[in-house]
Amino acid sequence: MKNGSSYVPPTYVPLGQSDIEAEISPRNDNHSVVPGESDRVVPWSSGICACCDDIQSCCIGLFCPCYLFGKNAESLGSGTLLGSCTMHFILWALINTLCCCMTDGLLLGLPGCFVACYACNYRKALREKYNLQEAPCGDLVTHFFCHLCANCQEYREIRERSGDPNHSALTLVEVTAPTVQTME
C-alpha cells in the first residue's frame with residue numbers, strides 16, 4: 001500500500017442494515033475502545049470480502065496465510081510471529097496435505113476445521129479488544145468457510161485501529177549484495 005495514497009475504502013454496511021441507515025449512523029473514528037467505556041458493538045472497518053482494498057495483504061494472505069496469521073497474532077499480543085506462524089502452517093498445510101495424500105483426495109477440506117478452531121480464538125480476542133460485532137457469522141464458521149478472507153480482514157482491522165498505516169507493515173528486508181572482492 002502506498003503511503004501517499006488518498007484512497008479510502010467504502011464503509012462496511014452490516015447485514016440487515018441498509019446503505020441509508022449506515023450513512024445516518026455516525027462513524028466511530030475513536031479507534032481505541034476502553035473496556036467498560038462503551039457497551040456498543042461497532043462494525044468492522046471493512047467487509048469480509050474487501051480483500052482487494054489492500055492488494056498487498058490480499059496477496060500475502062493468499063500465498064502465505066501462515067505469515068499473515070502470525071503478524072495478526074503478534075499484533076494482538078496473543079502469540080509470537082514464529083510460534084503462531086508455525087502452528088498455522090502445521091494445521092493448514094501439513095495436515096491438509098497428509099489427509100489428501102492418505103485418502104486419495106477424499107478428505108481435502110475436512111482438516112480445515114483444525115485451523116478454523118485455532119484461528120477463531122484469535123478473531124474472538126480481536127473482537128473483544130475493539131468491541132466488534134460478530135459478523136458476517138460466528139467466528140468458527142467464518143474461519144471454516146472463509147479463512148483466507150477472515151485472515152485479511154483481521155489484518156486490515158488491526159492496521160486501521162492502530163491509527164498507523166505502516167503498523168506491522170508487511171515490508172520485506174532490503175538485502176544488498178556484498179562488495180566485489182579480489183584475491184591478490
Side-chain angles (χ1 to χ4, degrees), residues 1-3 9 12 31-33 44-103 105 107-177:
M1 189 161 209
K2 296 178 183 173
N3 292 339
Y12 172 66
H31 296 299
S32 60
V33 175
W44 291 80
S45 64
S46 63
I48 190 83
C49 295
C51 295
C52 292
D53 286 348
D54 181 12
I55 297 298
Q56 182 184 23
S57 68
C58 178
C59 291
I60 291 174
L62 177 65
F63 296 113
C64 193
C66 309
Y67 178 74
L68 192 62
F69 182 80
K71 291 297 276 186
N72 290 347
E74 182 182 45
S75 297
L76 283 173
S78 302
T80 62
L81 172 65
L82 184 62
S84 299
C85 181
T86 304
M87 186 61 161
H88 187 278
F89 176 76
I90 290 169
L91 293 173
W92 180 261
L94 292 181
I95 292 180
N96 269 341
T97 302
L98 287 174
C99 286
C100 184
C101 291
M102 291 170 45
T103 62
L107 295 179
L108 176 62
L110 181 65
C113 66
F114 295 122
V115 76
C117 290
Y118 180 62
C120 76
N121 290 323
Y122 286 95
R123 188 174 179 89
K124 182 180 178 188
L126 177 68
R127 283 190 315 98
E128 288 173 353
K129 182 175 182 178
Y130 296 121
N131 204 22
L132 297 167
Q133 65 186 7
E134 194 170 7
C137 47
D139 298 330
L140 179 67
V141 176
T142 301
H143 270 284
F144 187 77
F145 290 106
C146 304
H147 177 65
L148 299 177
C149 293
N151 214 5
C152 292
Q153 181 189 32
E154 291 161 13
Y155 175 78
R156 288 190 310 271
E157 193 68 32
I158 291 169
R159 193 187 63 222
E160 175 77 19
R161 300 281 173 169
S162 73
D164 179 14
N166 292 325
H167 175 72
S168 69
L170 298 174
T171 57
L172 300 175
V173 177
E174 184 177 326
V175 179
T176 57

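We're numbering straight along the sequence, starting at 1.
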Look at the side chain of Gln133 and the backbone N and O of Trp44, then say whether any donor-acceptor pair between them is shorter than 3.5 Å. no

Short question: side chain of Gln153, backbone of Ala50 - any donor-acceptor pair under 3.5 Å? no

Side-chain heavy-atom pair [X], [Y] within 4.5 angstrom cut-off:
X: His147; Y: His88; result: yes
X: Glu160; Y: Asp54; result: no
X: Glu74; Y: Ser84; result: no

How close do His143 and Ala150 get, counting heavy atoms only, and between which atoms? CE1-CB, 3.7 Å

For Ile48 and Cys149, which heavy atoms make the closest approach, and how far apart are they? O-CB, 3.3 Å

Sequence neighbours left out, what passes side chain to side chain contact (heavy atoms under 4.5 Å, CB included) with [X]? Give chain and number order.
X: Cys137; value: Val141, Thr142
X: Cys58; value: Cys51
X: Leu62; value: Leu148

Report the distance from atom [atom1] of [X] to atom [atom2] of [Y], rounding to the nearest 0.5 Å.
X: Ile158; Y: Leu76; atom1: CD1; atom2: CG; value: 4.0 Å
X: Ile55; Y: Ile60; atom1: CD1; atom2: CD1; value: 12.0 Å
X: Asn151; Y: Lys71; atom1: CG; atom2: NZ; value: 13.0 Å
X: Asn72; Y: Cys85; atom1: CG; atom2: SG; value: 11.0 Å
X: Leu126; Y: Glu157; atom1: CG; atom2: CD; value: 6.5 Å
X: Arg159; Y: Ser45; atom1: CZ; atom2: OG; value: 8.5 Å

Under the ring-ring contact (aromatic ring centres under 6.0 Å, His included) test, residues paired with Tyr122 that sit two or more places apart: Phe69, Tyr118

Can you run down the salt bridge (charged side-chain N to carboxylate O under 4.0 Å, His left out) pairs that involve residues 139-154, sequence neighbours left out, and say none if there aren't any? Arg123-Asp139, Arg123-Glu154, Arg127-Asp139

